[in-house]
There are 2 protein chains.
Amino acid sequence: MGLRERKKHQTRQALIDAGTRLFLDQGYEATTVDQIAAAVEISPRTFFRYFGSKEDLALDFTVDYAERVTGALAARPPDEPPFTALAHAFRAYVHSMEADTAESAERFVRHRRVIEANPGLLCTSIARMIEIEKRLTAEIARRQGTDPGTDPRPRLLVAFVTSAVRVGMECSVDGEAYLDDLVTSVENALCLAEAALRPGWDQFSLGSSGQVATNASSPG
Amino acid sequence: MGLRERKKHQTRQALIDAGTRLFLDQGYEATTVDQIAAAVEISPRTFFRYFGSKEDLALDFTVDYAERVTGALAARPPDEPPFTALAHAFRAYVHSMEADTAESAERFVRHRRVIEANPGLLCTSIARMIEIEKRLTAEIARRQGTDPGTDPRPRLLVAFVTSAVRVGMECSVDGEAYLDDLVTSVENALCLAEAALRPGWDQFSLGSSGQVATNASSPG
DNA sequence: TTGTCAGATGTCACGCTCTGCCATAAATTA
DNA sequence: TAATTTATGGCAGAGCGTGACATCTGACAA
């Protein structure tokens, strides 16, 4: 890796760290791009060569998130039931945060705190989840051998799991053992989701309970 | 209602209509606030006294959405199972669009087309759903007699249903009978969700299957 | 009718985000 | 070292959004 690339990587990381720190100190909205650029000693113009927007910097970690989760799903054994595979993929992600460098874990916690302190950012991060959902859906559909364009079941299954993860993250309270709490909370939500689903529903090839036109009786 | 209020209402409606039309004609991003203001013959400054942002105008209908759905849920019989009540609340909303004035229905369709043409807007509208989810969760928790602060089950249930509705809306294709397709698609997704859930899970008071710490076996 | 008052509108000025353009500086390669 | 590629900086400008102040207009009472 040449000097050029190394420098770019350093600048980029410095921008993320400086930005995150400023967001935590004085708030996301109150922090201007000029301030972040000044903190890293680059021109404001150059900032936008590294990030398309201030929001892009704040939500940069979602890119890594997407890759880790989709990667984890791809790594699950092909014969694993879809729900189990998805749940394990998300578990792998939150646990990878724990297993990671202390520095990396702190960064993650800081990111979480930033977006939790800003409803707008939180909304956008959830919205970005939709992109990830699409990729997960494609993989689930592939595994189950259905067409994601016409069969809504893979979408629904993925949406259920991501909802559970989101609820789990929402429930996690901000305290000392932030990461531990988050992992526990997500785990609880996933277990709850597992208990809420009808056994076998996620395996579309089994039985006929999943027919689109089925008018199943109320589960309640 | 005095002249003053009537004028305000007219201006507001004119802004929504002019904005929507411009968004459809030349795109959301390509439309400036100045253009919308000019179309209604008000100053750009006044625009921001009616809407906090350009996005607020584009997503104004979500306010009505929230009120109709939460209102519909509140109107469901208290002894109805939570899932059924939620599903009916959303059904009531999409059907209310059909039953409404032709003018009102057209407006709804135009709004949908605008946000569907703009991924950013679509994401934001979904993110705004979170606010609605909170209100629905509170109502479900109240019905089930649990504390929404500590028990994640109401959140999870609500998230499942809203996910199903969202997937249904995504699946609906843009064509001649837009509204009909949308209603059918949402109905399908809700039926699918119903079939996916374990019967009785949504009634927390029954059985013990919903214990937070439960380690239920995989549904798959 | 008239005067008063609250509220709506317009004007001006400003800060912030983000982009295009072009010149310059730095790193890479020959 | 020279030539090429690429990153950076500075500048100008569009667009969004806000505060402050003056003005205009319904509302309402004397």
Side-chain angles (χ1 to χ4, degrees), chain A residues 1-16 18-23 25-60 114-115 117-121 123-125 127-128, chain B residues 1-16 18-23 25-60 114-115 117-121 123-125 127-128:
Chain A
M1 195 198 272
L3 172 58
R4 205 166 227 157
E5 271 189 279
R6 251 180 300 148
K7 270 196 168 182
K8 272 187 75 172
H9 185 262
Q10 280 173 14
T11 304
R12 186 184 167 77
Q13 212 51 51
L15 281 172
I16 292 177
T20 306
R21 211 158 292 278
L22 284 168
F23 294 157
D25 281 359
Q26 53 187 33
Y28 171 75
E29 308 241 325
T31 303
T32 67
V33 171
D34 286 25
Q35 287 177 338
I36 304 173
V40 185
E41 293 182 299
I42 62 168
S43 78
R45 184 64 187 87
T46 301
F47 173 94
F48 290 106
R49 294 213 173 85
Y50 281 89
F51 297 96
S53 65
K54 193 170 82 168
E55 206 173 44
D56 271 0
L57 186 152
L59 299 179
D60 179 72
V114 167
I115 71 165
N118 291 83
L121 277 184
C123 282
T124 310
S125 74
R128 292 201 175 186
Chain B
M1 197 200 270
L3 172 57
R4 202 166 226 157
E5 271 188 278
R6 251 179 299 147
K7 271 197 168 181
K8 270 187 74 171
H9 185 263
Q10 280 173 14
T11 303
R12 187 185 166 78
Q13 213 51 52
L15 280 170
I16 293 178
T20 306
R21 212 158 290 277
L22 284 168
F23 294 158
D25 281 359
Q26 53 186 37
Y28 172 73
E29 308 239 326
T31 303
T32 67
V33 171
D34 286 23
Q35 287 177 338
I36 304 173
V40 185
E41 293 182 299
I42 62 169
S43 78
R45 183 66 185 87
T46 300
F47 173 94
F48 290 106
R49 293 208 174 89
Y50 280 90
F51 297 96
S53 64
K54 194 171 81 168
E55 205 173 45
D56 271 359
L57 185 152
L59 299 179
D60 179 71
V114 167
I115 70 165
N118 290 83
L121 277 184
C123 284
T124 309
S125 74
R128 288 201 179 187

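Atom set for the values below is all heavy atoms of this structure, side chains included, hydrogens, waters and symmetry mates excluded. Proteins get letters first, then strands, A, B, ... in listed order; numbering begins at 1 in each.
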In whole Å, I'd like the distance from the [atom1] atom of [X] to the [atom2] atom of [N].
X       : N      : atom1 : atom2 : value
B:Phe48 : C:dC16 : CZ    : C1'   : 13 Å
A:Lys54 : D:dG17 : NZ    : C1'   : 13 Å
A:Leu15 : D:dA7  : CG    : C1'   : 14 Å
B:Gln10 : D:dG26 : CD    : P     : 12 Å
B:Tyr28 : D:dG15 : OH    : C1'   : 12 Å
B:Glu5  : D:dC28 : CD    : P     : 10 Å

Next on the checklist: Quick check: on DNA chain D, is the nucleotide nearest B:Glu55 upstream (toward 5') of the one nearest B:Leu3, or the reverse? Name the residue that is more 5'.
Outcome noted: B:Glu55
Next on the checklist: Closest-nucleotide mapping onto DNA chain D: is B:Gly2 or B:Glu29 further toward the 5' terminus? I mean the 5' end.
Outcome noted: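 Final value for this comparison: B:Glu29.
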Can you establish whether the number of heavy atoms outside [X] located under 6.0 Å from its atom [atom1] is more than 12?
X        : atom1 : answer
A:Arg128 : CZ    : yes
A:Gln26  : CD    : yes
B:Glu29  : CD    : no

Checklist entry - Do the non-hydrogen side-chain atoms of B:Thr46 and B:Val40 ever get within less than 4.5 Å of each other? => result no
Just the atom pairs and distances: protein N or O near nucleotides 8-11 of chain C's N or O, under 3.5 Å.
unit_1: C:dA8; atom_1: OP1; unit_2: B:Lys8; atom_2: NZ; d: 3.2
unit_1: C:dT9; atom_1: OP1; unit_2: B:Tyr50; atom_2: OH; d: 2.7
unit_1: C:dT9; atom_1: OP2; unit_2: B:Tyr50; atom_2: OH; d: 3.3
unit_1: C:dG10; atom_1: OP2; unit_2: B:Ser43; atom_2: N; d: 2.9
unit_1: C:dG10; atom_1: OP2; unit_2: B:Ser43; atom_2: OG; d: 3.2
unit_1: C:dG10; atom_1: OP2; unit_2: B:Thr46; atom_2: OG1; d: 2.5
unit_1: C:dG10; atom_1: N7; unit_2: B:Arg49; atom_2: NH1; d: 3.2
unit_1: C:dG10; atom_1: O6; unit_2: B:Arg49; atom_2: NH2; d: 2.6

Checklist entry - side-chain contact (heavy atoms from CB on, under 4.5 Å) between A:Phe48 and A:Val33: does it pass, once the steps are laid out? => result CA-CA 9 Å; A:Phe48 290 106; A:Val33 171; 3.9 Å; yes
Checklist entry - Can you list, by residue number, the residues of residues 30-38 of chain A that have a non-hydrogen atom closer than 4.0 angstrom to DNA chain D? => result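 Nucleic-acid contacts, sorted: none.
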Item to check | B:Ile36 CD1 to B:Phe23 CZ distance, which is reported to the nearest 0.5 Å | outcome: 4.0 Å
Next on the checklist: Closer than 3.5 angstrom, by distance alone: can the side chain of B:Tyr28 be matched with the main-chain N or O of B:Glu55 as a donor-acceptor pair?
Outcome noted: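 Pair found, side chain donor or acceptor close to backbone of B:Glu55.
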Next on the checklist: Looking at every heavy atom in both B:Arg12 and B:Phe51, which two are closest together, and how far apart are they?
Outcome noted: NH1-CE2, 3.6 Å
Next on the checklist: Ignoring hydrogens, what is the shortest heavy-atom contact between B:Leu57 and B:Gly19? Give both atom names and the distance.
Outcome noted: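 For B:Leu57 versus B:Gly19, the nearest heavy atoms are CD2-CA, 4.2 Å.
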